[in-house]
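One structure is given below, encoded as structure tokens.
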Amino acid sequence: MRERSGVGVVCGLLALLGALLTGCQSPAGGVAEDGRLGEQTTGETGGTTTVSPAPTRPSGYGAVFLAIGECSSFGTTSFTEVPCTGERAAARVAARHDGTVRDGPRCPSTTDFVLHISEQRPASDEDGDGAVPQGYACMRNLQPPHPGDPGGGGGPRTIVGDCVYGSGDGQVRETACDGTGRRKPQYKVVRSVAERTDCPAPTALYVRLGGKRPVGCARPM
């Protein structure tokens, strides 16, 4: 009698343990080690394996700091990245490079201004952005004026169609061709060539442009 009674108790405990295990099963997808829900797959041997979903980075605005096509607020020294559809958006990124302007690729010819980005290494990264290396963004205003356009009187590059004035010591600076700038234009760059000897006869000034055709041929206004 004692043996049958002992067996009955053991069987009852096993049944209760089975019920508890049934009530504590994981969700259908399983739970990964990091607490995220995973997906269950069936292996060749008939067992199941929990596969954690691949981590995803944010997309669109904010995924990469000032990526190509994103927008910044007003200001060239103090600025923030903002949605291009927002009222604070002032300019769009036309090109983005790491390093310094001196050592990196040139901005597009009609760039209005350049934003210099300081290196940032946050102590904690909660939004997936990660560290931001030193770099620069070539910006184009969302609305006119566009000083980077030919004759616009500004921009980081001097291009064909721009006007300049002599600033002394053999140097020239850009100014608006329509005379609305602080200084009146004296010369206009009419052609870019590889060598000075390639400039047309009326050339009165040679302007350094850089690039594959580094010589600008300028004539008096």
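No path of Ile, Leu, Val, Met, Phe, Trp and Tyr side chains, each step under 4.5 Å between heavy atoms, connects L209 with V101, placing them in separate hydrophobic clusters. Clustering ILVMFWY residues whenever any of their side-chain heavy atoms sit less than 4.5 angstrom apart, transitively, puts F113 in the very cluster that holds F79. Cluster membership for V190 and V172, using ILVMFWY side-chain heavy atoms within less than 4.5 angstrom, is not shared. Tracing side-chain contacts under 4.5 Å through hydrophobic residues (I, L, V, M, F, W, Y), one reaches V93 starting from F65; they form part of the same cluster.
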Please list, one pair per line, the donor and acceptor atoms closer than 3.5 Å that link side chains of residues 150-158 to other protein atoms, with sequence neighbours excluded.
unit_1	atom_1	unit_2	atom_2	d
R157	NH1	C107	O	2.8
T158	OG1	E174	OE2	3.2

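Minimum heavy-atom separation, E195 to V193: O-CG2, 3.0 Å. For the pair V215 and A194, the tightest heavy-atom approach, listed with the atom from each and the gap, is CG2-O, 3.9 Å. Pairing each heavy atom of V207 with each of A218, the nearest pair is CG2-CB, 4.2 Å. The minimum heavy-atom distance between P83 and A89, with the atom names listed, is O-CB, 3.5 Å. When all heavy atoms are compared, the tightest approach of G179 to P185 is CA-CD, 4.1 Å.
Rounding to the nearest 0.5 Å places CZ of R219 at 13.0 Å from SG of C199. Atoms CE and CG, from M139 and L115 in turn, are 5.0 Å apart once rounded to the nearest 0.5 Å. With rounding to the nearest 0.5 Å, the separation of CZ in R182 from OH in Y165 is 8.0 Å. For the atom pair OG of S192 and CD1 of I159, the computed distance is 10.0 Å after rounding to the nearest 0.5 Å. From D162, atom CG reaches atom CG of D149 across 9.0 Å, with rounding to the nearest 0.5 Å. From T110, atom OG1 reaches atom CG of N141 across 11.0 Å, with rounding to the nearest 0.5 Å.
For residues 134-162, the pairs satisfying ring-ring contact (aromatic ring centres under 6.0 Å, His included) are H97-Y136, with sequence neighbours left out.
With sequence neighbours left out, the side chain to side chain donor-acceptor pair (under 3.5 Å) criterion links T203 to no other residue. Residues forming a side chain to side chain contact (heavy atoms under 4.5 Å, CB included) with E87 (at least two apart in sequence, or on another chain): none. In terms of the side chain to side chain donor-acceptor pair (under 3.5 Å) criterion, T85 has no residue partners (sequence neighbours excluded). Legend: residues meeting side chain to side chain contact (heavy atoms under 4.5 Å, CB included) with A94, ordered by chain and number and at least two apart, are P108.
Between D112 and R92 no salt bridge is recorded (no basic side-chain N to carboxylate O distance below 4.0 Å).
For the 3.5 Å distance criterion, the side chains of T80 and R88 qualify, holding a donor opposite an acceptor.
Contact check for R173 versus R183: no side-chain heavy atoms found under the 4.5 Å cut-off.
At least one donor-acceptor pair closer than 3.5 Å links the side chain of R96 to the backbone N or O of L66.
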